[in-house]
Amino acid sequence: MTSPKATAADVTSDVTISARTRILCISGPNLQLLGAREPEVYGRATLADIHARLAARAQALGVDVDARQSNHEGTLVDWIGDAPRENAAGILINPGAYTHTSIAILDAVRAVGLPCVEVHLSNPDAREPFRRRSYIAKACVARVAGFGADSYELGLDGLVRVLARRAIAP
Ligand code: DQA
């Protein structure tokens with residue numbers, strides 16, 4: 001009997017299955033104001049622009065991204081806690097100012113155990129000293145910061161590589 005070899009059709013069907021890989025993208029407080037908010041720090045792209053670019057990148061990578069924003073810590077905690085039940089394979093998160101204050105968000109990411117990448121438009125380490133502490137970093141596999149709106153796409157690329165290594169994504 002000949003040993004089965006991967007064909008183009010097999011590869012295509014693998015990609016089709018993996019295309020269902022879901023990634024939850026969460027943005028925290030004040031990020032709904034992007035575009036108008038301190039453009040010299042955060043750039044001119046709106047959150048809608050960022051979500052559209054993420055969706056395009058996700059399509060190219062063969063994954064789905066569910067992108068949301070809330071100003072409320074408890075809502076962010078709820079979304080993280082619900083992520084496994086909603087079949088998310090990983091989390092991309094910009095917690096905004098909660099990065100520097102929220103043990104609840106750190107605990108939520110630890111509790112669900114999904115791979116999580118922290119993203120920031122600015123580079124918090126190069127700003128005020130109070131931005132140097134990141135609670136969520138302790139639960140993240142990686143951080144992308146300082147690339148403006150590109151940080152989200154770069155974070156998605158990195159997260160998909162992490163998932164691929166764990167054989168969850170294409
Ligand atoms: C931010 C950096 C945080 O320090 C700040 O509070 C934000 C945005 C960023 O994306 O650069 O709200 O997370």
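Worth saying up front: this structure is predicted, and the values here are computed from it rather than measured. Both counts, for ligands and for their atoms, begin at 1 and track the order of listing.
Val117 and Ile26 fall into different hydrophobic clusters, defined by Ile, Leu, Val, Met, Phe, Trp and Tyr side-chain heavy atoms under 4.5 Å apart, directly or through other members. A continuous path of hydrophobic side-chain contacts links Leu61 to Val65 [ILVMFWY only; heavy atoms under 4.5 Å].
Residues Asp49 and Thr46 bring a donor and an acceptor atom of their side chains to less than 3.5 Å of each other. Side chains of Arg68 and Ser27: a donor-acceptor N/O pair is absent below 3.5 angstrom, by distance only.
A 6.0 Å sphere centred on CZ of Arg132 holds more than 12 heavy atoms belonging to other residues, nucleotides or ligands.
Not counting sequence neighbours, the partners of Glu128 by the salt bridge (Lys or Arg N to Asp or Glu O under 4.0 Å) test are Arg131.
Residues with a heavy atom under 4.0 Å from ligand 1: Arg37, Tyr42, Asn94, Gly96, Ala97, His100, His120, Leu121, Ser122, Arg127, Arg131.
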